[in-house]
Amino acid sequence: MSTGLPHGYRRTGEDRVRESVGLSYPELAPGLVIEHRPGRTVTELDNLLGAALSGNVAPIHTDAHYSSQTLWGRILVCSGVTLNLVAGMTVRSISGLTTANLAVDHVRFTAPVHIGDTLYAETEILTRRACESRPDTGVITCRTTAHNQAGTSVLTFSRAFLVPLDADAARDATHY
């Protein structure tokens, strides 16, 4: 094995590396924009499971015949499903080391999402500061925007969450 490490990995032993999850506090600098990949194609199962788990069985989300008679002409993916899928797409890079979510704010659904749409997301880091009550963590705030395969914005939201100030110490302590 070469002595250089691929980006996004850390050495855990001779000829052994581990994927890094979550950017570190210093890497999450205000102004940084992260394009999240891969995209995520919304399936009927995603929508049905999300609707069932949330108890939102409105016919616009679950009844193809009913939905065909609405202005959308087909099933509209439950907004909670859209929010959860997009938020999940961001975890690997921005909040993989999160110790607590503090807020999800300013959620706006800007266009409909339908079964078969592929969603892409990007996140801009807005602010970063040391946490006053937990001196070993920092507070990150960011804004995530999602768009579909046609480039149409479908969702925006802001989040605030805690991350460890020393990512390597957190990774070592948790075997990540």
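Starting from 1, each residue takes its place in the sequence as its number.
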State whether the number of non-hydrogen atoms from other residues, nucleotides or ligands found under 6.0 Å of [X] atom [atom1] is greater than 12.
{"X": "Q69", "atom1": "CD", "result": "yes"}
{"X": "R18", "atom1": "CZ", "result": "yes"}
{"X": "Y176", "atom1": "OH", "result": "no"}
{"X": "Q149", "atom1": "CD", "result": "yes"}

**OP:** Check whether L85 and F161 end up in the same hydrophobic cluster, where Ile, Leu, Val, Met, Phe, Trp and Tyr are linked by side-chain heavy atoms less than 4.5 Å apart.
**Re:** no

Original post:
Under the 3.5 angstrom rule, does the side chain of R143 hit a backbone N or O of L126 as a donor-acceptor pair?
Top reply: no

Original post:
Under the 3.5 angstrom rule, does the side chain of H61 hit a backbone N or O of L76 as a donor-acceptor pair?
Top reply: yes

Original post:
Is the closest side-chain heavy-atom distance between V107 and L155 below 4.5 Å?
Top reply: yes

Subject >> Side-chain heavy-atom pair I75, T62 within 4.5 angstrom cut-off >> reply: no

**OP:** Pick out which of L102, T137, D136, T99 makes a side-chain contact (heavy atoms from CB on, under 4.5 Å) with C131.
**Re:** T137

**OP:** Kindly state each residue pair satisfying salt bridge (charged side-chain N to carboxylate O under 4.0 Å, His left out) with at least one member in residues 81-98, sequence neighbours excluded.
**Re:** E19-R92

**OP:** Indicate whether any N or O donor in one side chain lies under 3.5 Å from an N or O acceptor in the other, for S153 and T110.
**Re:** yes

Subject >> Short side-chain donor-acceptor distance under 3.5 Å, T144 and T123 >> reply: yes

Subject >> With sequence neighbours excluded, residues passing salt bridge (charged side-chain N to carboxylate O under 4.0 Å, His left out) with D117 >> reply: none

